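Single-structure report; data block below.
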Amino acid sequence: MFTRSALALAVAMVLLPPWAASPAQAGTVRHTRVVSADPVDTTPHVLDGIVNAIALVGRTVVVGGSFSRVSDARGTTTLERSNVFAYDLVTGRVLPGFAPELDGQVRALVDGPDGTVYAGGEFTETTAGARAGGLPSVGPAASGAETNGLVRLRLSDGAPVPGFGAQAYGGGVTALARSGSQLYVGGDFTGISGVGRTALARLDAVSGVIDAGFAVRPGEPRGRRTKVAALALSGDRLAVIGDFTTLDGLSRPQLGLVDVGSRPAKVAGWRTSTYAARCKAVFPSYVRGVDFAPDGSYFAVVTTGGPADPNKPCDSAARFETRPRGSLENVRPTWMNLTGGDSLYAVAATGAAVYVGGHQRWLDNPLGRDSAGPGAVPRPGISAIDPRTGKALSWNPTRDRGIGVKAFLAHHGGLLVGSDTTRLGHEYHARVGMFPLP
């Protein structure tokens with residue numbers, strides 16, 4: 001049976017205007033209130049591994065990560081799925097015809113035009129439809145296509161879209177963002193589409209051909225190789241975070257903004273030294289997630305890093321103004337909320353809240369050292385922060401902590417969550433869940 005929240009979501013989706021079924025990307029959907037703490041009961045379950053990424057194409061949810069089996073919400077049907085699957089947002093029904101096999105984990109997803117989705121990760125080959133409905137297929141659909149780190153898939157049958165020929169070399173893909181015909185790709189690759197590019201590129205979203213008008217180069221990593229960990233796009237600004245200290249030779253420690261409205265694209269004058277600070281030595285680079293507010297006026301960044309003094313941004317969430325008043329030379333965060341020693345990996349800014357996820361135990365905990373300091377509030381595994389004050393909101397559904405939340409996606413009906421654990425909001429929701437808008 002449907003719970004009250006699930007029925008409310010189904011009715012709402014039927015009655016929503018056409019724009020509500022449009023594709024949702026991170027940072028593009030505004031909420032006027034905080035989502036419910038009671039997850040819907042219609043989401044399917046991922047039975048092993050971890051979920052790293054979620055995309056929404058119309059009312060189809062695409063889930064990517066490292067896993068091999070999924071089940072329906074009731075647990076009565078188990079299907080084999082190789083690192084990616086799709087289901088209906090309203091009913092939770094797993095799409096039987098979308099069952100591509102990717103031979104490595106999916107790190108990033110973004111919606112594509114004409115019923116397609118882009119997947120990035122550590123795979124080298126994609127076999128379409130080999131496990132549709134859990135049954136092996138025969139014939140041409142079972143043959144594999146070379147797809148180094150990046151592929152565009154049809155939702156109708158899971159096949160790679162002909163004509164999209166982009167492949168990454170020298171490393172994988174960890175971040176994707178799309179604006180119309182432009183696809184932004186981040187990772188630790190050294191080349192893509194036959195052209196040398198370090199960790200960051202812009203492609204034609206149809207052909208996958210490299211865009212010569214975008215050649216911003218991250219450089220001088222703290223670790224062993226340059227890497228873009230996450231991307232966020234709002235209007236003419238692209239936020240880039242990862243293991244680098246320069247963009248096109250300009251000092252941008254772990255975070256920079258790119259003006260993608262200029263021709264050619266160029267590094268924006270906006271700069272912060274916030275993430276020039278050092279955290280624990282095992283985390284030479286510690287930025288993990290970034291998301292713009294729906295109106296683009298600010299963005300939020302989350303980090304790992306280990307316990308440190310409260311003046312450092314280790315294990316924190318922070319808000320930055322996109323176009324602050326005054327100098328752009330050293331922009332300081334509007335606020336920073338520290339967990340006291342626990343990592344944050346994912347962030348979603350909806351206007352009503354800044355949702356953060358990881359394996360945190362507390363928020364409002366600047367004096368904690370793997371402990372609850374003065375003023376700390378318990379927020380296990382998933383939390384919401386007031387965008388204005390930077391303090392924890394009362395929303396506290398809880399989540400088994402595990403490694404942590406790796407994926408959020410806000411849409412017009414609520415907030416999708418992907419992680420590695422099976423308890424969300426005091427209920428069984430294996431690795432995928434959704435909090436509806438009340």
Side-chain angles (χ1 to χ4, degrees), residues 3 5-6 9 26 31 33-54 61 63-67 70-71 73 75 87 92 288-289 291 300 302-304 315-317 337-350 352-365 368 370-372 376-386 391-411 413-438:
T3 64
S5 60
L9 173 67
H31 290 171
R33 54 197 184 279
V34 177
V35 295
S36 168
D38 179 18
V40 301
D41 293 338
T42 52
T43 49
H45 307 291
V46 176
L47 302 180
D48 58 358
I50 188 169
V51 169
N52 295 321
I54 298 174
V61 181
V63 179
S66 177
F67 50 80
V70 303
S71 78
Y87 71 93
R288 293 294 183 264
D291 192 31
V302 293
T303 71
T304 181
D315 295 326
S316 71
N337 194 312
L338 287 96
T339 68
D342 294 327
S343 298
L344 298 174
Y345 298 110
V347 58
T350 67
V354 175
Y355 298 97
V356 297
H359 58 249
Q360 76 274 20
R361 289 164 284 180
W362 307 280
L363 283 183
D364 300 353
N365 194 23
D370 275 330
S371 60
V377 295
R379 293 293 185 271
I382 190 167
S383 322
I385 298 172
D386 188 313
K391 297 296 184 181
L393 293 169
S394 60
W395 188 78
N396 187 26
T398 76
R399 188 192 64 81
D400 282 359
R401 293 169 58 223
I403 295 172
V405 173
K406 288 297 186 78
F408 282 129
L409 187 67
H411 61 92
L415 179 71
L416 290 156
V417 182
S419 73
D420 66 313
T421 54
T422 61
R423 301 288 298 179
L424 183 69
H426 305 285
E427 300 172 359
Y428 177 76
H429 294 282
R431 298 170 181 83
V432 177
M434 195 195 98
F435 295 103
L437 282 169

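Nothing here was measured: the structure is a model prediction, and the numbers come from that model. Every heavy atom of this structure was used, including side-chain atoms; hydrogens, water molecules and symmetry mates were not.
Note: Arg399 CZ to Ser383 OG = 9.5 Å, rounded to the nearest 0.5 Å. With rounding to the nearest 0.5 angstrom, the NE2 atom of His429 is 9.0 Å from the OG1 atom of Thr42. Summarising the geometry, atom NE2 belonging to His31 is positioned 7.0 Å from atom CG belonging to Leu415; distances are rounded to the nearest 0.5 Å. Remark: Asp38 CG to His426 NE2 distance equals 10.0 Å, nearest 0.5 Å. Of the inter-residue distances, the one linking Thr422 atom OG1 with Asp48 atom CG reads 12.5 Å to the nearest 0.5 angstrom. Of the inter-residue distances, the one linking Ile54 atom CD1 with Asn52 atom CG reads 10.0 Å to the nearest 0.5 angstrom.
In terms of heavy-atom proximity, Pro436 sits nearest to Met434 at CD-O, 3.7 Å. Closest approach of Val302 to Ala317, counting heavy atoms only: CG1-CB, 3.9 Å. Across all their heavy atoms, Ala37 and Pro397 have their closest contact at O-CB, 3.6 Å. For the residue pair Pro438 and Ser36, the shortest heavy atom distance occurs at CD-N, 3.7 Å. The minimum heavy-atom distance linking Arg423 with Tyr428 is given by the pair NH1-N, 3.4 Å. The two atoms that bring Phe408 and Ala348 nearest to each other are CB-CB, 3.7 Å, heavy atoms only.
His411 places a side-chain N or O within donor-acceptor distance of the main-chain N or O of Gly413, the cut-off being under 3.5 Å. Checked by atom type and distance alone, the side chain of His359 pairs as donor or acceptor with a backbone atom of Ile403 at under 3.5 Å. Judged purely by atom type and a 3.5 angstrom limit, Asp342 has no side-chain atom pairing as donor or acceptor with the backbone of Asp315. Checking side-chain atoms of Asn337 against main-chain N and O of Asp364 turns up a donor-acceptor pair under 3.5 Å. Within the 3.5 Å criterion, the main-chain N or O of Val432 finds no donor-acceptor partner in the side chain of His45. Judged by distance alone, the side chain of Arg288 and the main-chain N or O of Thr304 form no donor-acceptor pair under 3.5 Å.
Between Tyr355 and Phe435 there is no side-chain heavy-atom pair separated by less than 4.5 Å. Looking at heavy atoms from C-beta onward, Ile382 lies out of side-chain contact with Thr398 at the 4.5 angstrom threshold. For the pair Thr421 and Arg401, the minimum side-chain heavy-atom distance is 4.5 Å or more. With a 4.5 Å cut-off on side-chain heavy atoms, Pro380 and Asn396 count as touching. Looking at Thr43 and Tyr87, their side chains come closer than 4.5 Å, going by heavy atoms from C-beta outward. The side-chain heavy atoms of Asp386 and Leu393, taken from C-beta on, include a pair separated by under 4.5 Å. You'll find the side chain of Trp395 stays beyond 4.5 Å of the side chain of Arg379, heavy atoms only. For the pair Leu409 and Val417, the minimum side-chain heavy-atom distance is 4.5 Å or more.
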- request: For the pair Leu363 and Thr339, evaluate side-chain contact (heavy atoms from CB on, under 4.5 Å) and give the outcome as yes or no after the intermediate values.
  value: CA-CA 5 Å; Leu363 283 183; Thr339 68; 4.1 Å; yes
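Just one of Ile385, Thr303, Val405, Val356 meets the side chain to side chain contact (heavy atoms under 4.5 Å, CB included) condition when paired with Val347; it is Val356.
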